[in-house]
Amino acid sequence: MAMPNAHAIDSDDSPAISRQVAHAQRREARSLYWRGWRIRDIAADMGLAEGTISSWKNRDRWNEDPPVAIIEDRIEAKIATYLDKPDFNEGDMKRIDFLMRQMERAARIKKFDQTGKEGDLNGKIAARNDDKAKAKRADKRRNFLTLDQWQALLDDFHDRNFDYQELWWEHRDDRTRKLRKSRQVGATWYFAREALAKVAEAILAAAGKARLGEEERPRNQIFLSASERQALKFRREIVGWVRRVTGVELKGKIIMLDFVGQYPDDDAGEATGPSLDPVGFYFLSTNSATAQGESGDFYFDEYAWVHGFAQLNKVASAMATHKIYKKTYFSTPSTKTHESHAFWSGEAWNKGRAKGQQQPFDVSLKNLRHGAYMPDGSWQQLLTIHDAVAGGLGKLVDVDELRREHGEEEFRNLFECEDVDDSESSFPYARIAPARVDSFLKWRDFKPALIDIPGARPFGDRPVWIGYDPNKQGRDDAALIVVAPPEDEGRGKHRVLEKYRLNGLNFQGQADFIRQVSKRYNVTDIAIDTTGHGQAVFELVANWFPLVRKIEYSVASKTALVIKAQSIFREGRIEFDAGWTDLMQALMAIRPTLTGSQKGVTYTAKRNGEIGHADLAWALLNALSNEPLDAGSASEGQGGRVIFFE
């Protein structure tokens, strides 16, 4: 159907109107041509010269227009036809709506031809890639942090460090660091954050670069501890820190960081940083089955308390064979007979070298107070509680209070980095070390995660014993131990499920705490030392547990407790978590000493006869005394448990 005739333009019309009509004529002529009309027919229908139509066709290149332009013209003409109908109805409205959608699709095709972006062709794809959608995906991504969030973590890291921790940071790129440190100086807290801060530093430094050298790339971070339960403390520190600073919740037992799209595209669509491989944070227990297979920087926690350190260190060091990886060892001191002492003192490094090649390691406090490099190339430091306080820890601890709460020998070991001399101990390191296990992996019937859930039963209905050592002579230190006895009396193994040290509780508070622990177990025995102030705790517990056992410490009773526990350790019939170095320290502190009359032997925590400061150990011995004395011996008979009378 021919379009309406165009009339000749009146010469009196304004130039603007003339241009508008000329443009409309030109479009009408093009539309007729695209529908197959000949030039002659178009000119006759519109009352124009054939030369004019031919000139428009050549100048506007009608034959070169893409198919989408022709389709768009036809749709537009169809819409105009419907709109001009005098009897316009609902059906026509639906047809126009359909044609308008086709117009929109044609417009998308034209834009796609110009940009080549799939989002211009598909509206859903465009919606997935707009700023709002990107922000929503970033919120849902697993273990992804933006550049601003990485910067916030790095800033917070330095803001919260103490001076001595900033010194550790300055030496983060040393191949090997060895630290002996006081208890409670925040080493676990610091090194968990340092590992992530190193990744943050690498991510931020890489912005704007096209390529990175191997030294510049973020690396895997591996944490080794005596048990998986201990290793997961690092994970909790990292997850909690990231949540507090950024609001992001890191997921996974192994935390795999996602770097896809880490560097946003610029206006030209080019990436503003290099592509990065994922980085993993691994939390391992120290056994040959797990402490291998990964490569990266590793942190060896409490290495001076690990059983079989020399062999394990060979396996663990393989994870950092490549020179780009860093090794960090940190621990409180243990004993001079521990294998790690040779590693620290240089004895292991000098062993096997020609005499002329051996070099001394000056591991004195004077030399290592601020750190020093050793002949093996490692950087070593001794950090006592006094130096930590001078470095900023004084706002959190009171050294004089710590000295009052601990015996002098124990204070020197725990806070002044002196090794324990266990040569005269009733429980030397070599005897108790084999009892350490990775309880997280080995004890499948014990669910420690249920401990803090009211009404939960972490050990089901299996029986447990509780040993309690109250404070002595008014000192605010008491201890509670939960022991699971063996199902096969005298043959199976005792397992230490829980341990607590209590400070600042009066008698009622201590009795209430014992009851609180008892509610989550099937308790069949509670043993309490009633010497001195323990009598009040005993009487309060007896109100709700009438079978509570009273132990009054004397030369005979303490000898029986120690002999029984020595027998259990000697026969390998006890296990506790490998991360519990405080329990080991308490056991090693017990040693035989002469009584005041010099005619008998008793057991104390110091050579000068001062009782106490081994609270966890005495609580354990109290609990173990519920087993018959001859249980586990070759001559088992009608034995009985250790019972002490008033």
Check this for me, if you would: do [X] and [Y] make a salt bridge, where the nitrogen-to-carboxylate-oxygen distance has to be below 4.0 angstrom?
X	Y	value
Arg369	Asp387	yes
Asp174	Lys326	no
Lys233	Glu228	no
Asp577	Lys442	no

Quiz item: To the nearest 0.5 Å, what is the distance between NZ (Lys499) and CG (Leu620)?
Solution: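 Between atom NZ of Lys499 and atom CG of Leu620 there are 12.0 Å.
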[X]-[Y] aromatic ring centre distance below 6.0 Å:
X	Y	value
Phe513	Tyr500	yes
Trp169	Phe157	yes
Phe343	Phe309	yes
Trp349	Phe361	yes

Self-check item: Pairing residues for Arg495 by the salt bridge (Lys or Arg N to Asp or Glu O under 4.0 Å) criterion, not counting sequence neighbours
Solution: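 Salt bridge (Lys or Arg N to Asp or Glu O under 4.0 Å) check on Arg495 returns Asp445.
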Self-check item: All salt bridge (Lys or Arg N to Asp or Glu O under 4.0 Å) counterparts of Glu194, not counting sequence neighbours
Solution: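 With sequence neighbours excluded, Glu194 shows a salt bridge (Lys or Arg N to Asp or Glu O under 4.0 Å) to Arg177, given in chain and number order.
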Practice problem: Please list, chain by chain and in numerical order, all residues satisfying ring pair (Phe, Tyr, Trp, His ring centres under 6.0 Å) with Tyr263, sequence neighbours excluded. | Solution: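 Ring pair (Phe, Tyr, Trp, His ring centres under 6.0 Å) list for Tyr263, sorted by chain: empty.
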